[in-house]
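All remarks here apply to the structure that follows.
Note that the structure is a prediction, hence the values are computed from the model and not measured. Just so it is clear, the values below take in all heavy atoms, side chains as well, and ignore hydrogens, waters and symmetry mates. Every number for a ligand or one of its atoms is a count from 1 in the order of the listing.
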Amino acid sequence: MTKPPTELAANLERLRRDDLYRRRRVLSGPQGPHLSVDGRGLLAFCSNDYLGLANHPQVIAALQRGAARYGVGSGAAHLVCGHSTAHQALEEELADFTGRPRALLFSTGYMANLGVISALAGHGQQVFEDRLNHASLIDGARLSGARLRRYPHGDLPALARLLGRQGAGRAHGPSAPLIATDGVFSMDGDVAPLCALAEVAEAEGAWLLVDDAHGLGVLGASGRGSLELAGLGAAQVPILMGTLGKAFGTFGAFVAGGEDLIETLIQRARSYIYTTALPPAVAEATRASLRLVRAEPWRRDHLRALIGRFRRGASALGLPVTDSQTPIQPLVLGDSRRALLWSQALEAAGILVTAIRPPTVPQGTARLRLTLSAAHSETDVDRLLEALAALAQGAEPQPEADPCRA
Ligand SMILES: *Cc1c(COP(=O)(O)O)cnc(C)c1O
C-alpha cells in the first residue's frame, strides 16, 4: 500500500528539517574539473572520474565508431541476442588486465554486486561484510536471503571471531561462507586490510570478494588496483568486482575470476540474466579507456602528486584530513548542518564539493567528500586550499576527528 500523500510530505519536511534533504544539480556540459552546473561555472572536486577519461577524445571517438557499427541499443540481454563482439572483446581484455581467466560484464556495479552475492549465497549461508561497505554489497547480501553479519570497520579479529563461531573450513563450494569488502572504502578513501582478509578467508575456507570500484585504474603501478598494491592475485582473492563508470570514465561493471565462477554467474546471477546488455558502443568506449589506463601511467603519477599537494596544504591549515592516500579525501565535520554549511560556503566561492550525510555515512560523521582527478591541475588544488583556508579561519570550533578511525 502506498503511503497517503500527507505522510510523504511530512516525511520530506522532516528530512529538510534534519538537513538530510538531497537535491540534484543539472549539468549542461561534460564531466571534468570545470563544470557548468545550473548555468554556472564551478571548479568541481566530487566526481569519480579519477583519471580524467570521461571526456577524453579517444574515448568519445571509440563511442562514436561503436555507434556507427552497432547502433545504439544492444536490443536484448546477453543470453538472448544482446552479446556482441564488442562485449566479448572487452571481457577478454578485462580478464587479461586483471590477470584472471575470465571476466563478465554487468550493466552497473550495483547489479554486479547483487548478482554475484546472490549467485554464491542463499538461505542457510552467511555473508560477512565490513560495516562501511558500499550499499550495493549490503543490498546484495540482503537480497540473497543469506544471513548478513557485519563486522566493525577493518576489524579483522572481530571478523575471525564471527567466522570461527560458525565452524567453517570447507573449500569454495556453493555453501562456503562469503566475505565481501570494498577495496577502497568509497566515503573514507582508506584501503581494506586485504592481506589479512585473504589470510582469514583462506583459514576459514571462505570466498573473498573485493569490490575495487575506487581502486582499479588508480592504485598500483599499472593501475590494477588495491590488489596490485597489496601484491595479491586470484589465488588469494578469487572474486574481483570492478566498475567502469569511475576511473575508466564510461559505464558498466564486471566481475573477474575463474572459469567455474564466471559460468556460475552466467547461469545464476539474476541481475545478469534479466537485464538488457549495456550498449556495445559503450563497451567500445571502455576498450579505448582501458588502453589509456594501461598506456598512460602519468595519469596515476600526476594524481598521486595532487593528492600529496592537497594533503600537505590541508594539514597545514589544521583541517581534519584522514590518512587516506587515495583520491578520496574526506573532511569529516560531524553533523549534517555543518557539512552543508561548508559545502555552501565553498560553492559561494565557485567550488563544488558535496556534503555526504547519513545514511550514506554513519551518524555524526557527515563530511565533505573531496575527490581529486588527474584532470585537475596544481592551480585547481591551490584554489581549493585557498577557499578552505578562508573557511578554516572562520570563527568555527576545530572539527572533531573521525570516530571510525580511532
Ligand atoms: C560506485 C560503486 C558501486 C556501484 O557501481 P555503479 O556502476 O555506479 O552501479 C559499487 N561499489 C562501490 C564500492 C562503488 O563505489
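- At a cut-off of 3.5 Å, with distance as the only test, a side-chain donor of Y50 or N48 sits close to an acceptor on the other residue.
- Proximity of A253 to ligand 1, defined as any heavy-atom pair under 4.0 Å, is not found for any part of the residue.
- Annotation: atom 9 (O) of ligand 1 to nearest protein heavy atom, Y110 N, 2.9 Å.
- A donor and an acceptor atom, one from each side chain of T85 and Y70, are located under 3.5 Å apart.
- Of the N and O atoms on the side chains of Y110 and H134, not one donor lies less than 3.5 Å from an acceptor on the other residue.
- The atoms of ligand 1 that sit less than 4.0 Å from any heavy atom of T108 are 7 (O), 9 (O).
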Trace of the side chain to side chain donor-acceptor pair (under 3.5 Å) decision for T360 with R22: CA-CA 12 Å; T360 307; R22 294 144 191 255; 3.3 Å; yes
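- Within the structure, ligand 1 has S136 among the residues with a heavy atom less than 4.0 angstrom away.
- A donor-acceptor contact shorter than 3.5 Å links the side chain of T250 to the backbone of L244.
- In summary, the atoms of ligand 1 found under 4.0 Å from a heavy atom of G109, numbered by their order in the structure, are 4 (C), 5 (O), 6 (P), 7 (O), 9 (O).
- Under 4.0 Å from ligand 1, the heavy atoms of K246 that appear belong solely to its side chain.
- In the model, S144 has no side-chain atom that pairs as donor or acceptor with a side-chain atom of S118 under 3.5 Å.
- Numbered from 1 in the order shown, with element, the atoms of ligand 1 that lie under 4.0 Å from a heavy atom of H214 read 14 (C), 15 (O).
- With a 4.0 Å heavy-atom cut-off, ligand 1 is reached by the side chain of D211 but not by its N, CA, C or O.
- Considering only heavy atoms from C-beta on, H123 stays 4.5 Å or farther from R147 through its side chain.
- Where the criterion is an N or O separation shorter than 3.5 Å, residue side chain and backbone included, S186 fails it with respect to ligand 1.
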